[in-house]
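Encoded as structure tokens, the structure appears first; notes follow it.
FYI, side chains are in, hydrogens and waters are out, and symmetry mates aren't considered; it's all heavy atoms of this structure. This one's a predicted model, so the numbers in the text were calculated from it and none came from an experiment.
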Amino acid sequence: MPSPSLRLAVVGAGAAGLAAARELRREGHAPVVFERAAAVGGTWLYAAPAPAAATDPLGAAATHSSLYASLRTNLPREVMGFLDFPFTSASSVVDARRFPGHEEVLRYLEDFARRFDLYGLVRFETEVVGVRRDAGGRWAVTSRKLGEKGEQDEELYDAVVVCNGHYTEPRIASIPGADAWPGKQMHSHNYRVPEPFLDQVVIVIGASASAVDISRDIATVAKEVHIADRSAPASTCEQQPGYDNMWLHSMIDRAQEDGSVVFQDGHSIKADVIMHCTGYSHLPV
């Protein structure tokens with residue numbers, strides 16, 4: 001006996017939300033996808049930081065994703081596609097590299113949404129602001145159209161699928177003295193291009209993918225780049241191969257009011273910027 005058709009809310013129109021909507025509809029259900037951006041793509045939708053990012057460089061600040069302009073995938077395209085819609089089959093391939101730039105991933109997701117007629121399921125520029133269980137066991141979803149102050153809609157759904165990712169709440173390193181340090185601090189969430197760091201001394205905290213990418217990106221224009229790695233031995237102070245302006249250090253010990261930053265290896269430098277490439281808080285919804 002076939003299952004009854006359910007009315008389902010899907011939060012987010014990135015890769016997970018699009019795949020969920022397609023599969024739910026295939027099973028005979030009626031999904032509605034809420035997406036606060038004006039297009040599909042989720043974290044693969046590149047956007048310049050909103051004006052609020054200038055006043056909150058350590059925070060999420062706005063709805064933009066965490067992509068920087070030079071970002072490429074760190075997985076081969078063959079393992080990134082859906083089983084019945086391989087990444088290599090997209091009709092609009094422009095960047096054919098095995099590790100393509102972010103624009104190619106977005107084109108693939110757009111192709112996927114068109115191929116399976118998903119655009120009609122998405123309510124763009126619509127933000128979910130609340131979800132609660134009602135007395136009858138269904139889910140009351142409250143949403144608002146961006147730009148319409150005070151206007152909110154509440155609708156009932158049989159279930160809610162949360163596909164909003166976890167790259168929106170920056171996690172910041174704890175640095176003694178940072179509050180009194182006079183330089184600029186920012187999180188990689190708000191990094192886009194290297195040009196603003198021309199001739200500056202930049203400290204990059206972190207040793208994972210974004211820290212590696214961004215430190216190399218910034219090194220093309222910065223006076224100096226110093227990478228602080230908490231997993232490096234305390235005595236670490238090494239110039240990086242292939243660069244005359246990049247060094248790897250142990251973690252920051254403290255920041256000082258005179259603008260200097262002291263590493264656990266004992267070295268002290270006067271820095272203009274501390275860039276936190278320290279990941280995100282994966283909090284329950």
Side-chain angles (χ1 to χ4, degrees), residues 14-15 41-49 53 57-62 64-80 87 94-109 165-173 184-232 236 238-252 261 263 271-282:
T43 196
W44 295 101
L45 188 62
Y46 179 84
L58 287 173
H64 65 274
S65 77
S66 302
L67 290 182
Y68 35 94
S70 63
L71 185 140
R72 291 174 60 184
T73 67
N74 58 0
L75 293 173
R77 66 194 305 144
E78 292 89 345
V79 303
M80 292 184 67
F87 197 174
V94 175
D95 181 354
R97 294 174 294 180
R98 288 193 77 195
F99 298 86
H102 59 84
E103 301 94 339
E104 186 70 12
V105 182
L106 179 61
R107 282 189 288 268
Y108 168 74
L109 293 174
H166 52 233
Y167 296 117
T168 55
E169 295 295 332
R171 187 171 59 212
I172 306 301
K184 177 181 179 179
Q185 294 189 69
M186 64 182 293
H187 191 274
S188 59
H189 180 69
N190 291 308
Y191 174 79
R192 292 295 179 271
V193 294
E195 284 76 15
F197 305 93
L198 179 67
D199 295 331
Q200 294 188 349
V201 176
V202 181
I203 297 174
V204 175
I205 301 177
S208 195
S210 63
V212 172
D213 284 351
I214 292 173
S215 61
R216 292 175 178 177
D217 218 12
I218 291 176
T220 62
V221 298
K223 179 181 179 181
E224 297 176 6
V225 176
H226 298 266
I227 304 167
D229 179 2
R230 66 179 180 179
S231 64
T236 302
E238 302 171 353
Q239 187 169 350
Q240 295 302 282
Y243 295 89
D244 59 7
N245 65 338
M246 187 191 302
W247 290 264
L248 174 66
H249 299 263
S250 53
M251 187 53 185
I252 295 172
V261 176
F263 297 92
D272 300 292
V273 179
I274 295 176
M275 174 81 70
H276 295 254
C277 297
T278 43
Y280 298 84
S281 297
H282 299 174

Test side-chain hydrogen bond (donor to acceptor under 3.5 Å, both in side chains) applied to [X] - qualifying residues, sequence neighbours left out:
| X | value |
| --- | --- |
| Glu224 | His226 |
| Arg98 | Glu78 |
| Tyr46 | none |
| His187 | none |

Kindly compute the distance separating [atom1] ([X]) from [atom2] ([Y]), expressed to the nearest 0.5 Å.
| X | Y | atom1 | atom2 | answer |
| --- | --- | --- | --- | --- |
| Arg192 | Leu71 | CZ | CG | 10.0 Å |
| His249 | Ile205 | NE2 | CD1 | 12.0 Å |
| Tyr167 | Leu67 | OH | CG | 11.0 Å |

Pick from Val201, Ile203, Val202: which one makes a side-chain contact (heavy atoms from CB on, under 4.5 Å) with Asp272?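 Between Asp272 and the candidates, side-chain contact (heavy atoms from CB on, under 4.5 Å) is satisfied uniquely by Val201.
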Return the set of residues passing side chain to side chain contact (heavy atoms under 4.5 Å, CB included) with [X] (not counting sequence neighbours), or none when no residue passes.
| X | result |
| --- | --- |
| Arg230 | Met251 |
| Arg171 | Ser281 |
| Gln239 | Asp244, Trp247 |
| Thr236 | Ala232, Pro233, Glu238, Leu248 |

Are any side-chain N or O atoms of Asp95 and backbone N or O atoms of Gly101, one a donor and one an acceptor, separated by less than 3.5 Å?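 Answer holds: yes.
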Counting N and O atoms only, with roles assigned by atom type, does the side chain of Ser65 sit under 3.5 Å from a partner on the main chain of Leu45, one being a donor and the other an acceptor?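 Yes, the answer is positive, given that a donor and an acceptor are paired below the 3.5 Å cut-off.
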Is there a side-chain contact between [X] and [Y], using heavy atoms and a 4.5 Å cut-off?
| X | Y | value |
| --- | --- | --- |
| Phe99 | Arg72 | yes |
| Thr168 | Tyr280 | no |
| Tyr108 | Met80 | no |

Check: residues 211-221 side-chain donor-acceptor pairs under 3.5 Å, at least two apart:
unit_1 : atom_1 : unit_2 : atom_2 : d
Asp213 : OD2    : Tyr68  : OH     : 2.7
Ser215 : OG     : Ala211 : O      : 2.8
Ser215 : OG     : Val212 : O      : 3.0
Asp217 : OD2    : Ser70  : OG     : 3.0
Asp217 : OD2    : Tyr191 : OH     : 2.9
Thr220 : OG1    : Asp217 : O      : 2.6

Please report the closest heavy-atom contact between [X] and [Y], naming both atoms and the distance.
| X | Y | value |
| --- | --- | --- |
| His276 | Ala173 | ND1-N, 3.2 Å |
| Ala69 | Glu103 | O-OE2, 4.4 Å |
| Val94 | Glu104 | N-OE1, 3.2 Å |
| Ala222 | Asn245 | O-ND2, 3.1 Å |

Just grab all the side-chain hydrogen bond (donor to acceptor under 3.5 Å, both in side chains) pairs involving residues 194-212, residues at least two apart or on different chains.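 Listed once each, the pairs would be none.
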Tell me, please, whether Phe87 has Arg77 positioned over its six-membered ring: NZ or CZ under 6.0 Å from the ring centre and within 45 degrees of its axis?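 The answer is yes; both the distance and angle limits are met.
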